[in-house]
Amino acid sequence: MIMHVITNFTASAGAETMLARLLQGSADERIVVVSLIGVSDRNRNLADNPRVAYVSLAASSLTALPGAIVRLARLIRKERPDVILCWMYHAMVVGTIAAQMCRSGAAVYWNIRQSLDDPASLTRSSRLAIAGAKLLSSRPAGIIYNSARALQLHRAYGYANRNAVVIPNGFDLPRIDSPEAKTARRIGIVGRFHPQKDHGTFFKAVAAVRKTHPQALFSAAGNGLSRDNRAVVDLMAEAGLPEHAVDLMGEISDMPSYYRSIDALVLSSRTEGFPNVIAEAMSYAKPIVTTDVGDAATVAGNAGIAVPARDPEALAEAIREILDFSPTEYARYAYNARERVEKAYAIAAIRTKYASFLTPYIPHL
C-alpha cells in the first residue's frame, strides 16, 4: 500500500495535477493521500479513483506543523503503508519525521517539484522548508526530481541523497486536428499570480510588443489574475499597459478550451522545475516562448524559443518572432510541439517510471 503526503491538495498547480494523474491510473487496492492543508473537489475529481482515501491535517501554518507530524505518525501506524511518497518540501519534512517517530519500516521517498533558479522568488515558509529538508536529505530511500535542473541545483545546495532519479511530468493527450498553417495572433500565459511567475516581466514584454504588433491579442489565466486584484492592475500600469491590453481571465476550469483559443503560450517565470503548462499547451500543438528556468527550455525543445529570465526585451523579441512566423513555419513549430509531448511525456510511460523506481517496495501505482 502506498501513502502520498502532499503539502496542499487543494491547489491546482503542477504537483497536485501530477499526483491526481498518477492516482487516476493506479491499480492498487488501497491508496491514502494525506494533505497537510486540505483536499479540493477539483483534485478528487481529477484523480477519479474510488480506491483512494483522503485525509486532511488542516495544518495551514508553520506553528501547526508539530501537531500535523504527531497526527501523521498515528495515521502511519494505523495504515502501515509499504511506501510513503512525500510531495514538496513541507510534506517531505513532516513525512520523514513522522515515519521515524512511529518506526513503521515504510520506505520514505521524496518528490521534489521545484528548481532553485531563484530562491528569492519563493515564500519565506518555502525557503525554511527547503533548508529543513536539506538537513534530512540523507534519510529518504530515494528522491524523485521532476527536472534535471532541479536535481543539479539541489545537489549543489547540499541535498545529500544519491539515490535520485529524474521523472518528468506526464500528460494525457487530447484529440486534436492536424496543426494548421496560419499566422499567430493570440498569445496566452497560464499560472497563478505569484512572484515566481514574474508577470511583471510578461506585462513589460506585452507593452513592447504592442508597439510593433498592434494586432496581437494577449490573455492571462490563473488564480489571482483578475481585474479585482489591485496588485495585478497596478503591475500592468507600471508596465505602461492600459487595462484592456491583457484579458485577465482569473482561474478557469475549462483549460482545454483555453489552450485551443490561443496560438502560442508564454512562460515568464523566474524559477520552475518542470512547468506543466508548457507541455499542456504543446499537447494542443501550441508553440512556446519560455524563460530558461528549470527544465522549461528542455521541455519546449524544437517547439519553442527560450530566453533569459527577468529580461522583458528578450521576452518581447521572442514573442515577436512567433507572431512573425510564416504559416509554414508556424505549422512546423505546432507539429513539433505535439510530437514532442507524445514521444517524451505521455502519462502511461511516466507511471511506469514511478513504479520502477519504487520497486521492490510497491508493485504498482
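Counting begins at 1 with the first residue of the sequence.
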Establish, from distance only, whether the side-chain atoms of Arg42 and Thr17 form a donor-acceptor pair under 3.5 Å. yes
Answer with yes or no whether the side chains of Ser226 and Asn229 bring together a donor and an acceptor at under 3.5 Å. no
Can Trp110 and Ser137 be counted as having a side-chain donor-acceptor contact under 3.5 angstrom? no
Does the side chain of Ser125 come under 3.5 Å of the side chain of Thr123 through a donor N or O and an acceptor N or O? no
Scan side-chain atoms only and decide if Tyr335 and Ser178 contain a donor-acceptor pair under the 3.5 Å cut-off. no
Positive for side-chain hydrogen bond (donor to acceptor under 3.5 Å, both in side chains) with Asn169, one of Arg21, Glu280, Arg113: Arg113
Does the side chain of His194 pick up a donor-acceptor pair with the side chain of Asn223 at under 3.5 Å? no
With the threshold set at 4.0 Å, does a side-chain nitrogen-carboxylate oxygen contact exist between Glu329 and Lys182? no
Between Arg139 and Gln100, is there a side-chain donor-acceptor contact under 3.5 Å, judged purely by atom types and distance? yes
Answer yes or no on whether Lys286 is positioned over the face of Tyr259, meaning its NZ or CZ is under 6.0 Å from the six-membered ring centre and within 45° of the axis. no
In terms of side-chain heavy atoms, does Ser269 have a donor or acceptor partner in Glu272 at a distance below 3.5 Å? yes
Just jot down the ring-ring contact (aromatic ring centres under 6.0 Å, His included) partners of Tyr345, sequence neighbours excluded, or say none. Phe274
Let me know which of Leu46, Asp172, Val52 forms a side-chain contact (heavy atoms from CB on, under 4.5 Å) with Gln24. Asp172
Is the ring pair Tyr89/His154 parallel, tilted or perpendicular, if the boundaries are 30 and 60 degrees? parallel
Residues Asp117 and Arg270 bridged, charged N to O under 4.0 Å: no
Would you kindly say whether Asn161 and Tyr109 are connected by a side-chain donor-acceptor distance under 3.5 Å? no
Taking atom CZ of Arg74 as the centre, does the number of heavy atoms from other residues, nucleotides or ligands within less than 6.0 Å exceed 12? no
Count the heavy atoms belonging to other residues, nucleotides or ligands that lie under 6.0 Å from CZ of Arg186, then report whether that count exceeds 12. no
In terms of relative ring orientation, are Phe203 and His199 parallel, tilted or perpendicular, with 30° and 60° separating the classes? tilted
Could you tell me whether the side chains of Thr298 and Asp295 share a donor-acceptor contact shorter than 3.5 Å? no
